[in-house]
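Data block below; observations after.
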Amino acid sequence: MKKIAVGILGATGVVGQNYVKLLVDHPWFEIKDLAASSRSAGKTYGEATSGKWLMDIDIPAELLDVQVRNVMDYESIPDGVQLFFSATELDDKEATREFEFAYAAKGYPVVSNSSANRWTSDVPMVVPEINTDHLEIIKAQQEAHGLPETGFVAVKPNCSVQSYLVAIHALREAGYPVKEILVNTLQALSGAGYRGLTESDRRETVNPLIPGEEEKTEREPSKILGELGDDQIIPDHSIIMSALCTRVPVIDGHTALVYLNFEDEVPSLDEVAKIWSEFKAEPQELDLPFAPQPAIEVKAEGDRPQVKLDVDNGKGMAVTIGRLEEDVFFDIRFVALSHNTVRGAAGGAILTAEMLVARDYIKQD
Ligand code: NAP
C-alpha cells in the first residue's frame, strides 16, 4: 500500500513528539509536514526541539532538517499532504475550533487532540473500540459546515477516559449496563504537556486540582456512549458520574480508581474478568496496525497495574486492569491504567485515523 502523507500540527510539543515517534515506522502513514507556533516556524525540526526532545528515541534523521511551518500559514502546506494530526492548542478554544475547521475547509481530514471541538455536536469524539459508528456523522458535518468531500474534523477524548471507558463499554455490550460511576484519577505529569514535565514544582507532590479536568471526565463519556442522530451525536445521560482528578509525580500513565454500580443484574467478578479478557472491537477484528491485542489486559496480581510495569502494554495502546473486587458501597471496584500520551493522545488518534482509512473516509491515492 502506498503510504498516506500526513502533517503534524503542534509537532514540537509532548503529544507532537509522540506522533513523530509513533509514525516514524508506521506501515500506512509517513510524515510530510511538521508545524508549530511562530516561535518554532522557520527553524529546522532539530533546532525547534533542541533541548526539548523528550522521547526515548533520537529525532529521526530524515526529520532533523525539515523546516517547521507556522500552523497558521496555510499557504505553505506542502503538496500531497492527505491528513493532519493536530496537537495544537491556540490561545483560546474558539480560535482552536476555527483553526481545525479551516484545515477541514481546505479539504484535509483533521484528527485532533484538543478539547476545543469535542462538544461540537457534529464532530465525532472517537474511542475506536467504542463508537466508530459515530464516524457516520462526518457527512452531516461536511454539509453543515460547507466542507469539501475530503475535509472533516474528528477528535479524541480527554487522555484519561480510555483507561476505564473501554472496560465499561465492554460490560454494556455484554448485557450489564452501568448506572453510576465514581472515578478518581491519578494523572501523569506529561498530561500537562511540556511545562508539566519540566517545571520542578510539580515533582514530589500530589496536586489535588487539574483545572477543568473533572468536568471533561464527567461529561465526555455521555457523548462517546451517545447515539448517532441524523445531524448530531445525541449524548447518553443515563450514567451518573462523579470524578475527582489529581496530578501525581509520574512521567507517563494515567491510573483510574473506578467504582461502579450496575443498572440491573450484577455479574460475578469472574464473569467481569472474562468479559474484559475476551473483549474485541472493530480495530481488533480488522487487525489495524495500532490496535492492541488484547484491548484489555486483566491482571490477577494484587499489585497491578503499575505504571512502571504496565504503561507500555500493547505498545502503550492497551488498557490494563487489576484489583477487580467487590466494594462496600458499590457493586464492584477496580484500578485501570493507560498511557496518556500514546493511547490517550497520539496513539489513540493514529488508531482513529487507521479506522478512517479502513472505512474509506481517508482515501489513498
Ligand atoms: P505542549 O507540550 O505544550 O505542546 C504544544 C504544541 O502546540 C507545541 O507544538 C507548540 O509549539 C504549539 N503551540 C502552542 N501555542 C501555540 C499557538 N498559539 N499557535 C500555534 N501553535 C502553538 O502540549 P501537549 O501536551 O503536546 O498538548 C497538545 C494538545 O493535546 C493540547 O490541546 C492538549 O490538551 C492535548 N492533549 C494532551 C495530552 C497529553 O497527555 N499531554 C493528552 C490528550 C490531549 P511551540 O513549540 O512552537 O511553542
Side-chain angles (χ1 to χ4, degrees), residues 7-22 33-55 67-74 84-100 102-103 110-118 125-127 153 155-163 185-199 202 210-213 215-217 220 245 247-248 250-255 307 311 316 337-352:
I8 303 169
L9 309 173
T12 50
V14 170
V15 177
Q17 293 183 24
N18 271 277
Y19 275 119
V20 167
K21 176 180 165 182
L22 296 174
D33 182 44
L34 298 167
S37 77
S38 55
R39 293 178 286 275
S40 304
K43 296 179 182 168
T44 65
Y45 191 61
E47 288 164 354
T49 54
S50 173
K52 286 173 58 179
W53 181 252
L54 296 163
M55 300 297 99
Q67 197 177 67
V68 177
R69 193 172 60 77
N70 184 331
V71 293
M72 305 305 285
D73 181 4
Y74 305 105
F84 278 102
F85 291 106
S86 180
T88 309
E89 193 78 65
L90 304 185
D91 297 333
D92 71 83
K93 296 270 178 231
E94 189 53 41
T96 310
R97 267 194 288 278
E98 285 172 12
F99 154 79
E100 291 176 355
Y103 273 86
V110 177
V111 182
S112 172
N113 296 96
S114 160
S115 61
N117 268 309
R118 287 185 197 154
M125 174 158 51
V126 185
V127 178
V153 177
V155 297
K156 262 207 75 293
N158 163 285
C159 48
S160 68
V161 156
Q162 34 274 304
S163 296
T185 63
L186 314 174
Q187 301 192 196
L189 298 173
S190 60
Y194 185 75
R195 289 177 53 211
L197 285 171
T198 51
E199 289 177 357
R202 301 190 192 226
I210 308 176
E213 196 72 2
E215 292 79 353
K216 289 180 201 163
T217 305
E220 291 181 13
C245 300
R247 184 80 68 201
V248 297
V250 155
I251 304 294
D252 289 317
H254 287 354
T255 301
V307 168
V311 76
L337 166 72
S338 70
H339 197 306
N340 55 298
T341 58
V342 181
R343 174 83 230 197
I350 293 169
L351 184 58
T352 299

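When a ligand or atom number is given, it counts from 1 through the structure's own listing order.
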List every atom of ligand 1 that sits less than 4.0 Å from any heavy atom of Asp91, numbering the atoms from 1 in the order shown and giving each element. 18 (N)
Atom of Asn117, atom of Glu100 and distance for their closest heavy-atom approach: ND2-OE1, 2.9 Å
Taking only heavy atoms of Tyr194 into account, list the atoms of ligand 1 that are under 4.0 Å away from them. 1 (P), 2 (O), 3 (O)
Using distance alone, decide if ligand 1 has a nitrogen or oxygen within less than 3.5 Å of any nitrogen or oxygen in Val71. no
Just go through Ser112, Ala192, Ala87 and tell me whose heavy atom is the nearest to atom 28 (C) of ligand 1. Ala87
Working to the nearest 0.5 angstrom, can you tell me the gap between Ser190 OG and Asn18 CG? 7.5 Å
Taking atom NZ of Lys43 and atom OG1 of Thr12, what is their separation to the nearest 0.5 Å? 9.5 Å
In Å, rounded to the nearest 0.5 Å, how long is the span from CD of Glu89 to CG of Leu9? 12.5 Å
Does Lys52 come within less than 4.0 angstrom of ligand 1, counting non-hydrogen atoms of the residue? yes
Just to confirm my output: which protein heavy-atom neighbour is closest to atom 9 (O) of ligand 1, and how far is it? Thr12 OG1, 2.6 Å
Could you measure the distance from the NE2 atom of His254 to the CZ atom of Arg343? Nearest 0.5 Å is fine. 13.5 Å
Ligand-residue contact atoms, ligand 1 with Ser40, heavy atoms, under 4.0 Å: 45 (P), 46 (O), 47 (O)
Hey, which atoms in ligand 1 end up nearer than 4.0 Å to a heavy atom of Ser114? 32 (O)
Show the atoms of ligand 1 that are less than 4.0 angstrom away from any heavy atom in Gly344. 42 (C), 43 (C)
If the cut-off is 4.0 Å to any non-hydrogen atom of Cys159, which atoms of ligand 1 fall inside it? 42 (C), 43 (C)
Is there a polar contact, in the sense of an N or O pair closer than 3.5 Å, between Leu90 and ligand 1? no
Basic-acidic side-chain contact under 4.0 Å: Glu220, Lys216: no
What do you reckon, does Ser190 have a nitrogen or oxygen under 3.5 Å from a nitrogen or oxygen of ligand 1? yes
Rounded to the nearest 0.5 Å, what's the gap from OG on Ser115 to CD on Glu215? Could you check? 11.5 Å
